[in-house]
Asks: 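I am attaching a structure below and will ask some questions about it afterwards.
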Amino acid sequence: MPELPEVETIRRVLEHEVPGVRIDRVSGRSINMRRPLAIEKLAPLLTGASFLTLRRRAKYLLFDFDRPGSLLVHLGMSGRIQLVDEMAPLADHTHMILTLSDGRQLRFVDPRRFGLIDWLAPGGEDTDASLARLGIEPLDPGLVSILPPLLHERRSPIKSLLLDQRVVAGIGNIYAAEALWRAGIHPRRAANRTSLARLGRLAQSVQDVLKEAVDRGGTTLRDFSKPDGEMGFFAQQLAVYGRQGEECGRCGSAIRSEVIGGRTTAWCPECQR
DNA sequence: CCAGTATCCTGCAGGC
DNA sequence: TGCCTGCAGGATACTG
């Protein structure tokens with residue numbers, strides 16, 4: 001269940017593990033995901049390729065090789081990547097397996113199939129339908145100056161805009177709630193009825209909470225030796241997400257929760273206005 | 001263009 | 001035990 005920090009953690013682990021490793025075999029079964037997964041199309045593109053670098057854009061991973069083009073991966077709600085010995089037992093809903101030259105396999109598992117595995121031709125970062133319309137990267141150093149004026153001309157609940165990938169690309173339901181708590185802004189507040197100063201504090205909170213989570217993922221990364229090779233999950237310190245009914249850590253009020261823009265949203269009625 | 005809802009899919013927790 | 005409902009960390013097509 002990956003948000004940006006989890007995806008970034010996976011990127012860092014894989015960037016440490018796979019460069020120079022060659023793909024000997026591609027297996028799996030073509031299946032409907034967010035886009036149709038076409039193993040027979042991917043196999044000739046990937047077989048024999050060696051990993052070079054790993055990039056992240058929003059919650060997308062891009063694998064680069066010693067040949068033109070990139071592998072584009074999105075984990076959706078339930079996607080996982082495993083880097084395991086080729087003899088390791090196969091998880092349910094393993095859709096694609098890359099057998100590597102070092103005896104391991106890179107496996108893509110996604111029960112709900114909201115994720116995406118596709119090939120990007122050279123230059124595809126700019127033309128791919130999903131990537132091309134992504135908004136600003138939330139960890140971009142310019143976020144605090146760029147985001148407030150963008151939000152300020154919109155009427156939607158501020159929470160919905162944080163989740164809109166065309167505005168800012170990579171914030172998910174957890175960190176949207178956490179950033180709003182830190183900034184003291186009610187998730188249902190209309191963005192255009194929020195001062196630019198407060199929107200600036202919100203942008204700063206977005207960066208703070210994401211950076212802290214990435215750092216925590218980096219900490220987990222040190223003892224990355226779990227036998228099943230699962231990646232991207234680490235204990236999280238959350239103030240409001242999933243804590244409805246519990247006491248706010250700042251003021252002691254009961255955390256509330258309602259559906260906003262189709263997503264369950266938790267907030268402190270005292271601290272957030 | 002904008003805002004809000006419906007939808008893809010499986011797994012799991014909780015109520016009865 | 002099983003059956004049912006609702007909900008899940010995402011993204012986007014569609015409607016008004």
Asks: Find the distance D110(A):CG to dA11(C):P and express it as a whole number of Å.
Replies: 12 Å
Asks: Nearest-Å distance, CD1 (I174(A)) to C1' (dG10(C))?
Replies: 12 Å
Asks: Between R11(A) and E8(A), does any side-chain N to carboxylate O distance fall below 4.0 Å?
Replies: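 Between E8(A) and R11(A) there is a salt bridge, with a charged N closer than 4.0 Å to a carboxylate O.
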Asks: Give a yes/no answer on whether the side chain of H93(A) brings an N or O atom under 4.0 Å of OP1 or OP2 in dT10(B).
Replies: no
Asks: Sequence neighbours excluded, which residues qualify as ring pair (Phe, Tyr, Trp, His ring centres under 6.0 Å) partners of W267(A)?
Replies: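 Ring pair (Phe, Tyr, Trp, His ring centres under 6.0 Å) check on W267(A) returns H186(A).
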Asks: Quickly work out the Y175(A) OH to dG10(C) C1' distance and round it to whole Å.
Replies: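 Atom OH in Y175(A) sits about 15 Å away from atom C1' in dG10(C).
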Asks: Taking side chain to side chain contact (heavy atoms under 4.5 Å, CB included) as the test, write out the residues that go with S145(A), two or more places apart.
Replies: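 Result, side chain to side chain contact (heavy atoms under 4.5 Å, CB included) vs S145(A): none returned.
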Asks: Name the pairs: protein N/O against N/O of nucleotides 5-8 of chain C, kept only if under 3.5 Å.
Replies:
| from | atom 1 | to | atom 2 | distance (Å) |
| --- | --- | --- | --- | --- |
| dA8(C) | OP1 | T264(A) | OG1 | 2.5 |
| dA8(C) | OP2 | T264(A) | OG1 | 3.2 |
| dA8(C) | N3 | R112(A) | NH1 | 3.1 |

Asks: Using the ring pair (Phe, Tyr, Trp, His ring centres under 6.0 Å) criterion, which residues pair with Y241(A)? Sequence neighbours excluded.
Replies: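 Per chain and number, Y241(A) pairs via ring pair (Phe, Tyr, Trp, His ring centres under 6.0 Å) with no residue.
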Asks: Which residue pairs pass the salt bridge (Lys or Arg N to Asp or Glu O under 4.0 Å) test with at least one member in residues 119-145 of chain A, sequence neighbours excluded?
Replies: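 The answer is R35(A)-D128(A), R55(A)-E125(A), R56(A)-E137(A), R57(A)-E137(A).
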Asks: Between atom CD in E6(A) and atom P in dG9(C), what is the gap in whole Å?
Replies: 12 Å
Asks: Can you check the D164(A) CG to dA3(B) P distance for me, whole Å?
Replies: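 So the CG-P distance, D164(A) to dA3(B), works out to 9 Å.
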Asks: Could I get the full list of ring pair (Phe, Tyr, Trp, His ring centres under 6.0 Å) partners for F114(A), not counting sequence neighbours?
Replies: none
Asks: Starting at atom CG of L161(A), determine the distance to atom P of dG4(B), rounded to an integer number of angstrom.
Replies: 9 Å
Asks: Using a cut-off of under 3.5 Å, enumerate the N/O to N/O pairs linking the protein to nucleotides 12-16 of chain C.
Replies:
| from | atom 1 | to | atom 2 | distance (Å) |
| --- | --- | --- | --- | --- |
| dT12(C) | OP1 | R34(A) | NH2 | 3.4 |
| dT12(C) | OP1 | S130(A) | OG | 3.1 |

Asks: For residues D24(A) and T99(A), is any side-chain donor paired with an opposing acceptor at under 3.5 Å?
Replies: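 No, because no side-chain N or O of D24(A) sits under 3.5 Å from a partner of the opposite role on T99(A).
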Asks: If a pair means Watson-Crick or G-U wobble with both distances below 3.5 Å, what does DNA chain C look like in dot-bracket form, with | marking bases paired to a different strand?
Replies: .|||||||.|||||||
Asks: Starting at CZ of R166(A) and ending at C1' of dC2(B), how long is that distance when rounded to a whole Å?
Replies: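 In whole Å, dC2(B) C1' lies 9 Å from R166(A) CZ.
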Asks: For R80(A) and dG10(C), what is the distance between atoms CZ and C1' respectively, to the nearest whole Å?
Replies: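 Rounding to the nearest Å, CZ of R80(A) and C1' of dG10(C) are 17 Å apart.
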Asks: Applying side chain to side chain contact (heavy atoms under 4.5 Å, CB included), name anything that partners A179(A), two or more places apart in sequence or on another chain.
Replies: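 Once residues adjacent in sequence are excluded, the partners of A179(A) under the side chain to side chain contact (heavy atoms under 4.5 Å, CB included) criterion are L202(A), S205(A), V206(A), V209(A).
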Asks: Applying salt bridge (Lys or Arg N to Asp or Glu O under 4.0 Å), which residue pairs with at least one partner in residues 169-180 of chain A are found, sequence neighbours left out?
Replies: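 As it turns out, there is no salt bridge (Lys or Arg N to Asp or Glu O under 4.0 Å) pair with a partner in residues 169-180 of chain A once direct neighbours are skipped.
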Asks: Going by the side chain to side chain donor-acceptor pair (under 3.5 Å) test, which pairs reach into residues 188-202 of chain A, not counting sequence neighbours?
Replies: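 Listed once each, the pairs are R188(A)-E258(A).
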Asks: Would you call R25(A) and E86(A) a salt bridge, using N to O less than 4.0 angstrom?
Replies: no
Asks: Give me the distance, rounded to whole Å, that separates dT12(C) from dG11(B) when you measure between the C1' atoms they each carry.
Replies: 23 Å
Asks: Does a side-chain N or O of K59(A) approach OP1 or OP2 of dG9(C) to a distance below 4.0 Å, or not?
Replies: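 False: K59(A) side-chain N/O out of range (4.0 Å or more) of dG9(C) OP1/OP2.
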Asks: Using the salt bridge (charged side-chain N to carboxylate O under 4.0 Å, His left out) criterion, which residues pair with D85(A)? Sequence neighbours excluded.
Replies: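 Checked D85(A) against salt bridge (charged side-chain N to carboxylate O under 4.0 Å, His left out); zero matches.
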Asks: Quick one: is R154(A) getting a side-chain N or O under 4.0 Å of the dC2(B) phosphate, OP1 or OP2?
Replies: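 No, because none of the side-chain N or O atoms of R154(A) sits under 4.0 Å from OP1 or OP2 of dC2(B).
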Asks: At under 4.0 Å, does any side-chain N or O of S78(A) touch on OP1 or OP2 of dT10(B)?
Replies: no
Asks: Considering only atom P, compute the distance from dT5(B) to dC7(C) and round it to an integer number of Å.
Replies: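 One P to the other, the span is 15 Å.
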